[in-house]
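Notes for the one structure printed next.
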Protein chains: 4
Amino acid sequence: MVMEKVSRKPIVGVIGASSAPESTLTLAEAVGKAIGAEGWHLLTGGGGGVMRAAARGFSSADVTVRGVSIGVLPAEDADSANEFVEVPLPTGIGLARNAIVARAAQALVAIGGCSGTLSEMALGWQFNRPIVALSVSGGWAEKLAGTRVDGRYEAPIFDARDVPEVVDFLKGKLP
Amino acid sequence: MVMEKVSRKPIVGVIGASSAPESTLTLAEAVGKAIGAEGWHLLTGGGGGVMRAAARGFSSADVTVRGVSIGVLPAEDADSANEFVEVPLPTGIGLARNAIVARAAQALVAIGGCSGTLSEMALGWQFNRPIVALSVSGGWAEKLAGTRVDGRYEAPIFDARDVPEVVDFLKGKLP
Amino acid sequence: MVMEKVSRKPIVGVIGASSAPESTLTLAEAVGKAIGAEGWHLLTGGGGGVMRAAARGFSSADVTVRGVSIGVLPAEDADSANEFVEVPLPTGIGLARNAIVARAAQALVAIGGCSGTLSEMALGWQFNRPIVALSVSGGWAEKLAGTRVDGRYEAPIFDARDVPEVVDFLKGKLP
Amino acid sequence: MVMEKVSRKPIVGVIGASSAPESTLTLAEAVGKAIGAEGWHLLTGGGGGVMRAAARGFSSADVTVRGVSIGVLPAEDADSANEFVEVPLPTGIGLARNAIVARAAQALVAIGGCSGTLSEMALGWQFNRPIVALSVSGGWAEKLAGTRVDGRYEAPIFDARDVPEVVDFLKGKLP
């Protein structure tokens, strides 16, 4: 039977560094699991560290509820995706893919983060994507939590102190 | 429970023009449905015409079997996706997204096709993606079916005369 | 002294394969030299073969007349540019740079050509860039010279039989 | 006469916001002029504000010494370039062009700056491009001057207090 249209689960991006301390990875895994439990899709850059931990947590959520785990890869082939990415999308455009991660997600969760994450936070801000930063996770998430990247929007990057606050923020922003 | 890794369904790209004759759309819908029935993901450019028809057919396949319908959009927001795309990924990079469609799919099915499709066939060839063209669908699919785009590979773009031949080709190429 | 504005030389793209027969390279060199003699900029993909030959010819035009030779590279660094590129622009986006070559040039000259060139001709057509193909140069230039890629425009890809016809076409199209 | 190779002037990127206070624009103009006087090329995003001021200053440098002023535009056509860009390169990829600005320049000068500039500083850091920030210019240039974006390199973003310090830094980094 052909339907009139399909339903769409919200797409949440999780951004963070490809290597991170254990405590940051634990947070990322919890965030990924919560995103799955809400019935959303997970979008990451598909690499290691925070990206892998979020996808790992996501994979443990009820498969009848959660969406899929998408990895937007810089590489030319899918081999570079971590083993918890279900839909690896090799772009072949290198780190310019950061702009696509920041654009394709409907909201962004920053966890820890080095220069790549910073570029995604800055681009996500430019693209008017809601951003929540888990300040306890360190890195650029901590530095930018509660601040405005520039004057074009009133609302700052939301400062979430724990995973439930991340989920509450996302619930208020996603369609 | 956290698994060791997740399973991955193959990702099949369907490329074709944003407007096309009814007979071409009927073929695209049948191809989309068959891709779903095989348990694969569908990746398109997310627009109208062949892209919409393929996603429409895909949506009618058994939801417990099929993957998801992904649209890699040129636009900055998801609104431009057709109503059968389940995972709209707005890239914001305009028609340069053709290069990402051609790269992110593990195999490409060309149906009809104008200049955009031609660019995706040419790029898919450069990226060494298996390509099958439904020659009865007209357009660039018909023109290039059974030919080699250049001398870098021996095997031509496969000339499929009907949907089962498309599926047989894909089965032989996908992991 | 600060001027009110600067003058802009037209930017002509030359597209062709990274390896080609000697006769095709000779044509590319003549085209590059003619572009320089007209006082235009040359834009190529910055690689070998036709791209190098065009840039080589361009470099032999009177430096007080010609613009500069720009190479829009797929690579992450400038090292991969041929030695006749004066302004190497490494994009780091791989062959997705074909879309930028096709967009950034104000008109395109196709000489010979394999799959990469075909993708640039198709994208240039989508972008409504005037295209001239040197039909004697073989490859996709020969195959598409005098044809329309699809129905969106009336005027076909111009079929030039020699270098003066290329220049005449460009003079009629450039601002 | 065909030469064995062409000479290449270094390419310096100037990054900053499309609108900025007069004092920041004055600095940008002085930086642009100094880049021209050194015989380098100027690369910017081709827009208004700091980009325009840098290109304006550059245009006032001795034309027999300076290179050309290149604008890597987000738009699909050259019209959006400011009037001091000599070589407008419309990419059609929207703000993903920030990644190309950060990659194609051999060194980056940050002046003032909002979210777009921040993304270019972060990406430039990822790409291992030398970055100098004019701290007196405010914005993200001031915030990041003298700091490291992450731990992958030892040397921080250089904190330049005036234009001669910018030039000195660049001289030490450019080939």
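Values reported hereafter were calculated over all heavy atoms of this structure, with side chains retained and with hydrogens, waters and symmetry mates removed. The chains referred to below are lettered A, B, ... by the order of the sequence lines, with proteins before strands, and numbering in each begins at 1.
Looking at D/Val85, both its backbone and its side chain come within 4.5 Å of chain C, counting heavy atoms on both sides. No part of C/Thr64 comes within reach of chain D, as not one of its non-hydrogen atoms sits under 4.5 angstrom from that chain. Of the two parts of C/Ala105, neither the backbone nor the side chain holds a non-hydrogen atom closer than 4.5 Å to a non-hydrogen atom of chain D. Looking at D/Leu89, the atoms closer than 4.5 Å to chain C (heavy atoms on both sides) sit in the backbone and in the side chain alike. Only the side chain of D/Ile70 comes within contact range of chain C, with at least one heavy atom under 4.5 Å from a heavy atom of that chain. Using a 4.5 Å cut-off between heavy atoms, D/Ala96 does not touch chain C at all. Only the backbone of D/Ser7 comes within less than 4.5 Å of a heavy atom of chain C; no side-chain atom from C-beta onward does.
For CZ of C/Arg148, the number of neighbouring non-hydrogen atoms (other residues, nucleotides, ligands) closer than 6.0 Å is greater than 12. Residue D/Lys173 places its NZ atom among 12 or fewer non-hydrogen atoms of other residues, nucleotides or ligands, all under 6.0 Å distant.
Against chain D, the residues from residues 40-54 of chain C that qualify, each with a non-hydrogen atom under 4.5 angstrom away, are C/His41, C/Leu43 in number order.
Under the 4.5 Å side-chain criterion, counting only non-hydrogen atoms from C-beta, D/Ile100 is not in contact with C/Pro90. Looking at heavy atoms from C-beta onward, D/Glu76 lies in side-chain contact with C/Arg103 at the 4.5 angstrom threshold.
Smallest separation of non-hydrogen atoms from D/Val6 and C/Ser59: CG1-CB, 3.6 Å. Nearest heavy-atom pair, C/Arg8 versus D/Glu83, reported as atom, atom and distance to 0.1 Å: NH2-CA, 3.9 Å.
One distance of note links NZ of D/Lys5 with CD of C/Glu86; it measures 12.5 Å at 0.5 Å rounding. Rounding to the nearest 0.5 Å gives a distance of 13.5 Å between CD1 of C/Ile93 and CZ of D/Arg97.
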